[in-house]
K.L.:
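Below: one structure in structure tokens.
Atoms considered below: every heavy atom in the structure, side chains included; atoms not considered: hydrogens, waters and symmetry mates.
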Amino acid sequence: MFHGTNSLDALQGELARLGSTRAVVVCGASLARDGAAMALLQEALGERGAGVLPCVRAHSPLDAVQAAAADLQALGADAVVAVGGGSAVVTARGASILLAEQADARQLCTQRGADGVLRSPRLLAPKLPQLVVPTTPTTATLKAGSALLDPTDGGRLALFDPKTRAKAVFVHPALLQTPPLALVVSATLNTLAMALEGLMSLRGDPFSDGLLVHATRLIVEHLPHAEVPAGREALMFASLLCGHGTDYTGAGIAIPLGHAVSARFHVDNGLANAIVLPHVVRFNAQHAVAGLEQLALAFGRTARGAAAADAVVHGMEQLFAQLESPKRLRDIGVTRASLPELAEVSMDDWFVRDNPRPVRDAADLLGVLDSAW
């Protein structure tokens with residue numbers, strides 16, 4: 001990992017270490033139009049740069065990822081430099097998987113078998129090395145999973161391959177200033193959801209807890225000041241701490257519910273997650289007491305036992321009030337009639353099985369969605 005105004009100076013050395021002479025940048029169209037940002041990247045890549053693919057779209061839809069895979073092949077890419085937020089990172093990884101495996105994403109993704117068990121196929125083909133220049137505080141930077149949007153039904157195609165983890169990460173202060181404030185806030189809210197889910201998990205340990213508690217503290221302190229450079233840097237480090245820490249914990253139902261809502265109603269994941277989070281905490285309250293006690297401390301509150309859930313919810317509500325974020329699903333256009341479908345779709349997400357309170361069926365998720373509506 002490299003951080004600071006000189007961080008991109010290390011990019012060519014990392015590419016050389018990987019044996020790469022044809023690195024391709026994957027980014028969004030708005031970043032590709034930013035002359036100063038692209039000049040920084042092109043100078044850092046030098047002769048090892050083989051092109052720029054401004055193909056990234058929100059939620060990494062399958063058709064965009066397929067097109068990126070074809071373009072990587074046409075350019076003879078031997079490494080990928082993902083520049084941007086979570087969608088850029090996921091698009092780069094997903095395209096690399098499709099390019100290497102030469103199969104339909106629906107065959108490569110996590111699927112529920114006839115026995116009802118979710119399984120992720122082993123994707124054995126070698127993958128292009130991934131290097132990441134994150135611009136928003138997303139946990140995707142350090143992950144090995146790539147959830148693509150299936151345009152046919154709005155579902156998620158979850159591809160998992162440890163070979164697509166980032167080989168190097170470059171945090172450059174100037175590039176952190178390129179995304180609009182709303183995008184930074186949304187990405188941070190998604191990171192907060194991941195941190196809370198990780199701390200409520202029954203699989204945590206002192207090391208993951210330490211990473212996630214500090215990530216939460218950084219978010220609580222700096223998210224209301226995300227417009228200033230110091231705030232953005234702190235939030236970026238919170239996302240990296242959270243991305244690393246949640247590799248060793250379970251997850252839960254907040255992320256699947258947020259993904260289902262955001263994909264079908266075209267809102268940012270972070271906003272959807274922020275709405276359902278307090279209701280997920282209530283749902284898990286009796287099954288995640290130890291984690292909620294730590295979360296209460298991260299929010300600057302001391303609470304034990306049953307009072308911890310209330311303290312965490314109040315801490316979140318205070319933070320969300322500062323951000324003036326929506327409070328109910330109806331506020332972001334979600335219809336009550338859609339809730340049963342959202343619950344059913346969320347049941348197919350890998351994270352649901354690790355929720356601290358066992359989820360019996362879609363009716364449990366429907367109860368959470370209904371309370372959030």
K.L.:
Within the side chain of E197, is there an N or O that forms a donor-acceptor pair under 3.5 Å with the backbone of A254?
P.N.:
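Confirmed, E197 side chain pairs with A254 backbone.
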K.L.:
Does any N or O in the side chain of T216 come within less than 3.5 Å of the main-chain N or O of L212, such that one atom is a donor and the other an acceptor?
P.N.:
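Judged by distance alone, yes, a pair lies under 3.5 Å.
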K.L.:
Enter the distance from L235:CG to C242:SG here, rounded to the nearest 0.5 Å.
P.N.:
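Here the interatomic distance stands at 12.0 Å.
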K.L.:
Taking all heavy atoms of A95 and all of A69, pick out the closest pair and write down the distance.
P.N.:
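For A95 and A69, the tightest heavy-atom pair comes out as O-CB, 3.4 Å.
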K.L.:
Give a yes or no answer on whether the side chain of T138 reaches the backbone of P134 with a donor-acceptor pair at less than 3.5 Å.
P.N.:
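Pair absent, no side-chain N/O of T138 close to backbone of P134.
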K.L.:
Can you tell me how far apart CD1 (I219) and CG (L241) are? Round to the nearest 0.5 Å.
P.N.:
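Atom-to-atom, I219:CD1 and L241:CG are 9.5 Å apart.
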K.L.:
Honestly curious: do L41 and M236 fall in one hydrophobic cluster under the side-chain, below-4.5 Å linking rule?
P.N.:
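In one cluster with L41: M236, no.
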K.L.:
Any carboxylate oxygen within less than 4.0 angstrom of a Lys/Arg side-chain nitrogen, looking at D348 and R112?
P.N.:
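Counted as a salt bridge, because a side-chain N and a carboxylate O are separated by less than 4.0 Å.
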K.L.:
Would a 4.5 Å heavy-atom cut-off, applied to side chains only, mark M200 and V280 as touching?
P.N.:
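SC-SC contact between M200 and V280 confirmed.
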K.L.:
Report the distance from atom OG of S346 to atom CZ of F351, rounding to the nearest 0.5 Å.
P.N.:
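It is 12.5 Å, given to the nearest 0.5 Å.
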K.L.:
Enter the distance from L218:CG to T188:OG1 here, rounded to the nearest 0.5 Å.
P.N.:
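Between atom CG of L218 and atom OG1 of T188 there are 11.0 Å.
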K.L.:
May I ask you to decide if T21's main-chain N or O and D78's side chain share a donor-acceptor pair within less than 3.5 Å?
P.N.:
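Yes; judged by distance alone, with no hydrogens or angles, the pair exists.
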K.L.:
What is the minimum heavy-atom distance between A92 and A82, and which atoms define it?
P.N.:
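Residues A92 and A82, closest heavy atoms: CB-CB, 3.8 Å.
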K.L.:
Would you indicate whether the side-chain heavy atoms of V83 and V81 approach each other to under 4.5 Å?
P.N.:
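Yes - at least one pair of side-chain heavy atoms lies under 4.5 Å apart.
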K.L.:
Measure from the side-chain N and O atoms of T178 to the backbone N and O of L175, and report whether any donor-acceptor pair falls under 3.5 Å.
P.N.:
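Flag set: sc T178 to bb L175 pair under 3.5 Å.
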K.L.:
Partners of H59 by ring pair (Phe, Tyr, Trp, His ring centres under 6.0 Å), sequence neighbours excluded?
P.N.:
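Applying ring pair (Phe, Tyr, Trp, His ring centres under 6.0 Å) to H59 gives none.
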K.L.:
Given the rule in the side chain to side chain contact (heavy atoms under 4.5 Å, CB included) test, do L223 and L189 qualify, once you have shown the distances and angles that lead to the verdict?
P.N.:
CA-CA 9 Å; L223 183 52; L189 290 173; 3.9 Å; yes
K.L.:
Could you tell me the separation between the CD1 atom of I253 and the CG atom of L277, rounded to the nearest 0.5 Å?
P.N.:
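One gets 10.0 Å once the value is rounded to the nearest 0.5 Å.
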K.L.:
Does a side chain donor of either K143 or T246 reach within less than 3.5 Å of an acceptor in the other side chain?
P.N.:
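The answer is yes; a qualifying pair exists.
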K.L.:
Rounded at 0.5 Å granularity, tell me how far OG in S239 sits from CG in L142.
P.N.:
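Separation between the atoms: 7.5 Å.
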K.L.:
Side chains of I332 and V261: does their closest heavy-atom pair fall under 4.5 Å?
P.N.:
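Yes, side chains in contact.
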K.L.:
Would a distance-only check, ignoring hydrogens and angles, find a side-chain to backbone donor-acceptor pair under 3.5 Å from D268 to G270?
P.N.:
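Judged by distance alone, no pair lies under 3.5 Å.
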K.L.:
Within a strict 4.5 Å, meaning less than it, do heavy atoms of the P179 and V184 side chains meet?
P.N.:
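Yes; the side chains approach each other to less than 4.5 Å.
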K.L.:
Should V281 and L365 be counted in the same cluster of Ile, Leu, Val, Met, Phe, Trp and Tyr side chains packed under 4.5 Å apart?
P.N.:
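In one cluster with V281: L365, yes.
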K.L.:
Does any pair with a residue in residues 29-43 pass side-chain hydrogen bond (donor to acceptor under 3.5 Å, both in side chains), and if so which ones, sequence neighbours excluded?
P.N.:
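Sorted pair list comes back empty.
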K.L.:
Only counting residues at least two apart or in another chain, list the ones meeting side-chain contact (heavy atoms from CB on, under 4.5 Å) with R165.
P.N.:
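Checked R165 against side-chain contact (heavy atoms from CB on, under 4.5 Å); matches are A144, D247.
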K.L.:
Under 3.5 Å, side-chain donor or acceptor atoms of residues 286-300 against the rest of the protein: list the pairs with distances, not counting sequence neighbours.
P.N.:
from, atom 1, to, atom 2, distance (Å)
E293, OE2, G305, N, 2.8
Q294, NE2, D209, OD2, 3.1

K.L.:
Go through the steps for L149 and R57 under the test side chain to side chain contact (heavy atoms under 4.5 Å, CB included), then give the verdict.
P.N.:
CA-CA 10 Å; L149 175 64; R57 286 159 42 200; over 6 Å; no
K.L.:
Tell me, please, which residues at least two apart from H225 pass ring pair (Phe, Tyr, Trp, His ring centres under 6.0 Å).
P.N.:
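In terms of ring pair (Phe, Tyr, Trp, His ring centres under 6.0 Å), with neighbours along the sequence ignored, H225 is linked to no residue.
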K.L.:
Do M347 and V352 have side chains that approach each other closer than 4.5 Å (heavy atoms only, starting at C-beta)?
P.N.:
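Yes; the side chains approach each other to less than 4.5 Å.
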K.L.:
Kindly state each residue pair satisfying ring-ring contact (aromatic ring centres under 6.0 Å, His included) with at least one member in residues 3-24, sequence neighbours excluded.
P.N.:
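Listed once each, the pairs are H3-F237.
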K.L.:
Quick one: does Q12's side chain get under 4.5 Å of L45's, heavy atoms only?
P.N.:
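No - every pair of side-chain heavy atoms lies 4.5 Å or more apart.
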K.L.:
Only counting residues at least two apart or in another chain, list the ones meeting side-chain contact (heavy atoms from CB on, under 4.5 Å) with D331.
P.N.:
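Checked D331 against side-chain contact (heavy atoms from CB on, under 4.5 Å); matches are P326, K327, R328.
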K.L.:
Between T249 and S201, is there a side-chain donor-acceptor contact under 3.5 Å, judged purely by atom types and distance?
P.N.:
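No, because no side-chain N or O of S201 sits under 3.5 Å from a partner of the opposite role on T249.
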K.L.:
Under the 3.5 angstrom rule, does the side chain of R232 hit a backbone N or O of L176 as a donor-acceptor pair?
P.N.:
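Yes; at least one donor-acceptor contact below 3.5 Å.
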K.L.:
Which side-chain hydrogen bond (donor to acceptor under 3.5 Å, both in side chains) pairs, counting each pair once, include a residue from residues 361-373, with sequence neighbours left out?
P.N.:
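Residue pairs with at least one partner in residues 361-373: H279-S371, R336-D370, R360-D364.
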K.L.:
Could you please spell out the steps behind the side chain to side chain contact (heavy atoms under 4.5 Å, CB included) verdict for L342 and L257?
P.N.:
CA-CA 7 Å; L342 295 173; L257 292 174; 5.9 Å; no
K.L.:
Between the side chains of N190 and N273, does any donor sit under 3.5 Å from an acceptor?
P.N.:
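The criterion, which ignores hydrogens and geometry beyond distance, is satisfied for N273 and N190.
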K.L.:
Residues in side-chain contact (heavy atoms from CB on, under 4.5 Å) with S60, at least two apart?
P.N.:
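For S60 the side-chain contact (heavy atoms from CB on, under 4.5 Å) partners, ignoring immediate neighbours, are V65, S87, V90, T91, L148.
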K.L.:
How is the hydrophobic cluster of L75 composed, in terms of its other members, when Ile, Leu, Val, Met, Phe, Trp and Tyr link through side-chain heavy atoms under 4.5 Å apart, directly or indirectly?
P.N.:
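Members alongside L75: V24, V26, L53, V56, L72, V80, L99, L128.
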K.L.:
Can we say K127 and E101 salt-bridge, meaning some charged N sits less than 4.0 Å from an Asp/Glu carboxylate O?
P.N.:
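Yes, K127 and E101 are salt-bridged.
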K.L.:
Hydrophobic cluster membership, with links at side-chain heavy-atom distances under 4.5 Å among I/L/V/M/F/W/Y: are I275 and V368 in one?
P.N.:
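They do share one cluster, since a chain of ILVMFWY contacts under 4.5 Å joins I275 to V368.
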K.L.:
Is there a donor-acceptor contact under 3.5 Å from the side chain of K163 to the main chain of I97?
P.N.:
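Such a contact is absent between K163 side chain and I97 backbone.
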K.L.:
Check whether more than 12 heavy atoms from other residues, nucleotides or ligands sit under 6.0 Å from atom CD of Q102, and answer yes or no.
P.N.:
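For Q102, atom CD is crowded (more than 12 foreign heavy atoms under 6.0 Å).
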K.L.:
Under 4.5 Å between any side-chain heavy atoms of C109 and Q111, yes or no?
P.N.:
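C109 vs Q111: side chains touch.
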K.L.:
What residues form a ring pair (Phe, Tyr, Trp, His ring centres under 6.0 Å) with Y248, not counting sequence neighbours?
P.N.:
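Residues passing ring pair (Phe, Tyr, Trp, His ring centres under 6.0 Å) with Y248: H244.
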K.L.:
Among residues at least two apart in sequence or on other chains, which ones pass side-chain contact (heavy atoms from CB on, under 4.5 Å) with A168?
P.N.:
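So A168 forms a side-chain contact (heavy atoms from CB on, under 4.5 Å) with F2, E14, L131, F170.
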K.L.:
With side chains defined as the heavy atoms from C-beta onward, is the minimum distance between D349 and I255 less than 4.5 Å?
P.N.:
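Result no, sub-4.5 Å side-chain heavy-atom pair not found.
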K.L.:
Would M316 and L196 satisfy side chain to side chain contact (heavy atoms under 4.5 Å, CB included), going step by step from the backbone distance to the final call?
P.N.:
CA-CA 11 Å; M316 284 191 289; L196 265 65; 3.4 Å; yes
K.L.:
Report yes or no: do Q318 and R301 form a side-chain donor-acceptor pair below 3.5 Å?
P.N.:
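Yes, a side-chain donor-acceptor pair sits under 3.5 Å.
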K.L.:
Using the rule that Ile, Leu, Val, Met, Phe, Trp and Tyr join whenever any side-chain heavy atoms are under 4.5 Å apart, tell me whether V171 and L8 fall into a single cluster.
P.N.:
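No, separate clusters.
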K.L.:
Are V52 and L11 connected in the hydrophobic side-chain network, where two residues link if heavy atoms are under 4.5 Å apart?
P.N.:
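Cluster IDs for V52 and L11 match.
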K.L.:
So, for P340 and A337, which heavy atoms are closest and what is the spacing to 0.1 Å?
P.N.:
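Looking at all heavy atoms of both residues, the shortest contact is CD-O, 3.4 Å.
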K.L.:
For a salt bridge (charged side-chain N to carboxylate O under 4.0 Å, His left out) with D150, tell me which candidate from R264, R106, R156 qualifies.
P.N.:
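Result: among R264, R106, R156, R106 is the only option passing the salt bridge (charged side-chain N to carboxylate O under 4.0 Å, His left out) with D150.
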